[in-house]
Amino acid sequence: MITADEALSLIAAKVGPLGSETIELADAAGRTLAEPLIARCDAPRQPLSAMDGYAVVERTTAPGKRLELIGESRAGRGFAGIVGPGQAVRIFTGAPLPDGADYVVMQEYASRDGDHVTFTEGYGPAPHVRAVASDFSKGAELVPAGTRLGARAMVAAAAADVSEVCVARRPRVATFATGDELALPGFAYLRPDAIPESVSFGVSAMVAQEGGTVVSRRTGADELDALIAAADAALNEADLVIVTGGASVGDRDFAKPMFAPHGLDLWFDKVAMKPGKPVWLGQARGTVVLGLPGNPTSAMVTGALFLRPILARLLGEAKAHPWHCLPLAAGLKATGTRETFTRARWDEDGLIPLDNQDSGAQAALLQADWLIRCLPDQAALAPGAMVTALRF
């Protein structure tokens, strides 16, 4: 049995990017860059006004001095002439600074009289001009490879002046829930011994949030021959197969045996953690196979810890978990011999561990937005103590 850190190291060593494809920039939101985005030109490419006002020659301009207005410069339609001493051009934010001008006086300091303008005291000292390449230079790397293109990154991507981007191929994910007791939601009430299959819905949502695509979702009874056939189908269609339940050592726990005929190579089969000890990971026919516990909370905790980095590696996002050091707003109980990930909610004063830490709890998942990482045999902690936590 290995530690959670050892499991994460194995994921980093064993799982790699799937490859790339080129798509339209308009379709790239949420995708991960496979190649860096390089700026095609300087930004700005010419000096621009940072304010609405008047473009002038600074050394020949003074408060109260009357200047001749000779034209106008707008964004996308600049003034074609040259500004000389004693002259001014009406200019708007984002418009090109006319040749000869080196300064913009804000319109708040201007008094216009027909074709002339004068300025009051206090209009300096800033020139209100955006210099060439003051944002970025031609050839600069604006967005590095491995970046998920969120809202802010999309602005930078478009600023690179490219119409297409090379992105990582989305991982195709198949989920498989095992267990005689499982029924599709909406039908469990028809059988007295059935429970709604809930884990795959949470797992599928996590896959979508992390940039993958769920290509199939199956539920199977504990019949080995049927499960072997279903495993074959899942391996044929997916880059990652996630199987939930059936990971213990009972006579009808078939999560690993269903992949054995397909050449399952186990990378690890248990992790010394609570909840989620039965989590396992391997590969079959070149496809990554992740086994999550059947208990909902255990599955979501191990998914947060291991599924997220697996998907990140498949996408070429070699990022580590963002652990935070945060205060406790309530006491934290002592832990046992395994590393424990305690579910907690955030309060304005810090983290409050949930009362219900049962691995099968489902309603409590709604309250939990953080995982507190507790070392083996950790003593009880009082409110105000600092703990290491991961957003859940």
Side-chain angles (χ1 to χ4, degrees), residues 15-50 52 73-78 92-97 130-175 200-217 237-242 287-288 303-304 307-322 391:
V15 182
L18 293 172
S20 62
E21 60 183 342
T22 299
I23 63 172
E24 296 290 326
L25 178 64
D27 299 324
R31 301 296 295 271
T32 300
L33 283 181
E35 296 178 358
L37 280 182
I38 307 300
R40 179 170 285 176
C41 53
D42 294 336
R45 296 160 64 185
Q46 55 187 320
L48 302 178
S49 176
D52 291 343
S73 182
R74 294 178 174 273
R77 186 177 296 178
F92 299 92
T93 302
L97 193 71
R130 296 174 182 152
V132 171
S134 57
D135 191 356
F136 54 81
S137 301
K138 178 181 178 179
E141 182 181 292
L142 289 188
V143 192
T147 299
R148 185 78 62 84
L149 292 173
R152 296 187 301 277
M154 282 296 291
V155 172
D161 196 23
V162 296
S163 60
E164 296 180 331
V165 291
C166 183
V167 297
R169 185 167 65 79
R170 287 187 187 274
R172 299 166 301 170
V173 181
T175 68
S200 71
F201 291 87
V203 169
S204 296
M206 190 177 293
V207 168
Q209 290 168 0
E210 300 303 317
T213 300
V214 176
V215 295
S216 67
R217 183 188 293 142
E237 65 190 359
D239 305 299
L240 168 64
V241 178
I242 304 170
T287 295
V288 179
L307 174 56
R308 285 174 176 166
I310 289 170
L311 290 166
R313 295 290 300 178
L314 292 172
L315 287 164
E317 301 175 358
K319 58 186 179 183
H321 278 312
R391 194 176 292 277

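This is a predicted model, so every value here is computed, not measured. FYI, the numbering just counts along the sequence from 1.
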Mind checking the [atom1]-[atom2] spacing from [X] to [Y]? Nearest 0.5 Å is all I need.
X: F201; Y: T175; atom1: CZ; atom2: OG1; answer: 8.5 Å
X: I310; Y: E210; atom1: CD1; atom2: CD; answer: 11.5 Å
X: I242; Y: S200; atom1: CD1; atom2: OG; answer: 10.0 Å
X: L33; Y: R148; atom1: CG; atom2: CZ; answer: 11.0 Å
X: L18; Y: R313; atom1: CG; atom2: CZ; answer: 11.5 Å
X: Q209; Y: L307; atom1: CD; atom2: CG; answer: 10.5 Å

What are the two closest non-hydrogen atoms of [X] and [Y], and how far apart are they?
X: S73; Y: P96; answer: OG-O, 2.8 Å
X: A28; Y: V165; answer: CB-CG2, 3.6 Å
X: A75; Y: T93; answer: CB-O, 4.2 Å
X: F92; Y: D52; answer: CA-OD1, 3.3 Å
X: R130; Y: S49; answer: NH1-O, 4.1 Å
X: E237; Y: A174; answer: OE2-CB, 4.1 Å

Please list, one pair per line, the donor and acceptor atoms closer than 3.5 Å that link side chains of residues 34-44 to other protein atoms, with sequence neighbours excluded.
unit_1	atom_1	unit_2	atom_2	d
R40	NH1	D161	O	3.2
D42	OD1	K138	N	2.7

Practice task
Dump the intermediate steps for side chain to side chain contact (heavy atoms under 4.5 Å, CB included) on V214 and S204, then the final yes or no.
Solution key: CA-CA 6 Å; V214 176; S204 296; 3.8 Å; yes
Exercise for the section: State plainly whether the residues D239 and R169 are in salt-bridge range, i.e. N to O under 4.0 Å. Expected result: yes
Handout entry: Summary of side chain to side chain donor-acceptor pair (under 3.5 Å) pairs that have at least one residue in residues 16-27, sequence neighbours excluded
Key = E21-R31
Exercise for the section: Give a yes or no on whether the backbone of A238 and the side-chain of T287 come within a donor-acceptor separation of less than 3.5 Å. Expected result: yes
Problem - T32 vs L149, side chain to side chain contact (heavy atoms under 4.5 Å, CB included): CA-CA, chis, key distance, verdict - result: CA-CA 6 Å; T32 300; L149 292 173; over 6 Å; no
Practice task
With sequence neighbours excluded, tell me which residues meet side-chain contact (heavy atoms from CB on, under 4.5 Å) with P47.
Solution key: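 In terms of side-chain contact (heavy atoms from CB on, under 4.5 Å), with neighbours along the sequence ignored, P47 is linked to L97, V129, V132.
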Handout entry: Residue pair V241 / V288, side-chain heavy-atom distance below 4.5 Å
Key =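 Heavy-atom side-chain distance check fails, nothing below 4.5 Å.
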Problem - Note, L240 side chain near P171 side chain (heavy atom, < 4.5 Å) - result: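 They are not in side-chain contact.
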Handout entry: Side-chain donor-acceptor contact under 3.5 Å, T213 with R172
Key = no
